[in-house]
Amino acid sequence: MVADKGKKQKTGEAEEERNGADHVDGELVLSIEKLQEIQDELEKINEEASEKVLEVEQKYNEVRKPAYDRRNEVIKSIPDFWLTAFMSHPALSELLTEEDQKIFKYLSNLEVEDCKDVKSGYSITFHFKPNPFFEDAKLTKTFAFLEEGTTKITATSIKWKEGMGIPNGVVEEKKGNKRTHAEESFFSWFNDSLHNGDLDEIQDEQVAEIIKDDLWPNPLTYFNNDADEEEFEMDDDDDEDGSEDDEDQEDEEDDEVED
């Protein structure tokens with residue numbers, strides 16, 4: 001009898017534990033369902049916000065355009081503006097060979113333009129003065145965002161003049177703070193073929209995003225960097241010269257003491 005009571009008691013406790021566990025599991029499921037409903041609501045709000053942001057961006061692209069046009073006119077009067085801005089940029093400077101730099105001296109204008117429907121894509125256009133390298137007055141690369149989530153990339157096929165073509169750079173040893181030059185020409189960016197070297201590491205879209213989102217909004221920042229770096233290097237040289245003078249003076253004083 002005592003054994004039977006013990007068994008009944010244990011059985012009752014086990015049932016209570018199961019009922020308690022079921023109750024906890026039920027509450028957890030309800031909480032997760034409520035949480036999912038709230039997340040779905042937030043997702044919907046975020047989608048609406050994204051649409052509104054795109055509408056505002058599209059509106060202000062039109063507002064910015066006259067200012068960009070005026071800026072481009074002023075830039076045309078500054079020698080080697082875009083070459084200097086590119087060479088002062090920590091990422092883009094690595095993509096120009098020495099031959100590319102010669103071509104960039106003829107770069108008169110750079111334009112980044114979103115499609116009328118901002119989420120459809122954008123284009124980057126390089127305008128060149130008449131030059132001995134190619135016939136094109138402008139080179140354009142376009143990035144179209146497709147519905148399936150892929151990006152269609154098209155580019156101007158460069159019409160190189162006789163005896164000219166995509167220049168290849170030679171890697172030089174790094175001396176001091178001087179950068180090494182790219183092995184592959186920046187102008188291979190306008191090719192549909194696969195890239196190697198620097199342009200393989202920084203893919204088509206990444207290069208475009210750097211130009212679009214970093215360089216284009218305020219190229220003056222990078223144009224001015226060149227002067228700042230030169231000033232910094234000069235300061236370093238002065239410091240080194242000063243240190244050498246101090247050491248020479250200390251040596252002379254030590255000689256006098258010994259005498």
Side-chain angles (χ1 to χ4, degrees), residues 68-115 121-144 151-174 178-212 214-216 219-220 222-223 225-226:
Y68 279 138
D69 291 342
R70 292 197 307 273
R71 187 182 76 177
N72 284 338
E73 288 303 313
V74 175
I75 285 175
K76 288 178 182 179
S77 66
I78 303 174
D80 299 335
F81 179 88
W82 288 110
L83 170 60
T84 304
F86 261 74
M87 292 307 297
S88 297
H89 193 284
L92 297 175
S93 61
E94 301 293 337
L95 304 180
L96 297 187
T97 67
E98 287 187 335
E99 288 300 312
D100 289 341
Q101 293 173 45
K102 294 176 184 177
I103 299 175
F104 260 63
K105 281 185 168 291
Y106 294 91
L107 178 60
S108 61
N109 195 9
L110 175 67
E111 285 184 308
V112 175
E113 188 173 5
D114 285 305
C115 296
Y122 61 94
S123 64
I124 300 175
T125 302
F126 295 75
H127 295 264
F128 289 88
K129 295 178 285 188
N131 63 79
F133 301 98
F134 44 72
E135 302 289 349
D136 309 271
K138 64 180 182 179
L139 302 177
T140 301
K141 189 145 188 171
T142 302
F143 297 81
T151 302
K152 182 181 179 182
I153 303 173
T154 56
T156 302
S157 179
I158 303 175
K159 299 174 183 176
W160 295 97
K161 291 185 176 179
E162 187 176 352
M164 296 295 174
I166 293 178
N168 290 316
V170 178
V171 175
E172 297 181 353
E173 293 183 5
K174 190 173 182 179
K178 293 182 179 179
R179 300 184 180 99
T180 56
H181 297 293
E183 289 184 83
E184 183 183 11
S185 170
F186 174 80
F187 291 91
S188 62
W189 190 59
F190 292 94
N191 275 2
D192 293 329
S193 58
L194 294 174
H195 300 301
N196 296 313
D198 293 287
L199 279 173
D200 190 41
E201 295 173 10
I202 305 177
Q203 297 297 328
D204 277 3
E205 289 184 70
Q206 290 175 301
V207 174
E209 286 169 4
I210 291 171
I211 295 172
K212 178 179 182 287
D214 194 20
L215 179 68
W216 171 248
L220 187 60
Y222 294 102
F223 180 82
N225 269 355
D226 187 64

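Nothing here was measured: the structure is a model prediction, and the numbers come from that model.
The backbone N or O of F187 lies less than 3.5 Å from a partner atom in the side chain of S185, making a donor-acceptor pair. When atom types are taken as modelled, the side chain of S88 and the backbone of A85 share no donor-acceptor pair closer than 3.5 angstrom.
In this structure, K138 forms no cation-pi arrangement with F126, as its terminal cationic atom is not both closer than 6.0 Å to the ring centre and no more than 45° off the ring axis.
N131 is linked by a side chain to side chain donor-acceptor pair (under 3.5 Å) to nothing, counting only residues two or more places apart in sequence or in another chain. Take E111 and apply the side chain to side chain donor-acceptor pair (under 3.5 Å) test, not counting sequence neighbours, and it matches H127. Partners of D214 under the salt bridge (charged side-chain N to carboxylate O under 4.0 Å, His left out) rule, at least two apart in sequence or in another chain, do not exist in this structure.
To the nearest 0.5 Å, atom CE of residue M87 and atom OH of residue Y222 are 14.5 Å apart.
Residues I153 and K141 form a side-chain contact, since some pair of their non-hydrogen atoms from C-beta on lies under 4.5 Å apart. At a threshold of 4.5 Å between non-hydrogen side-chain atoms, the residues I75 and W82 count as touching.
Tested against F86 for a side-chain contact (heavy atoms from CB on, under 4.5 Å), the candidates L95, I211, D80 yield a single pass: I211.
A salt bridge does not link R70 to E73: none of the charged nitrogens lies less than 4.0 Å from a carboxylate oxygen.
Side-chain contact, T140 with T125: a donor N or O sits under 3.5 Å from an acceptor N or O.
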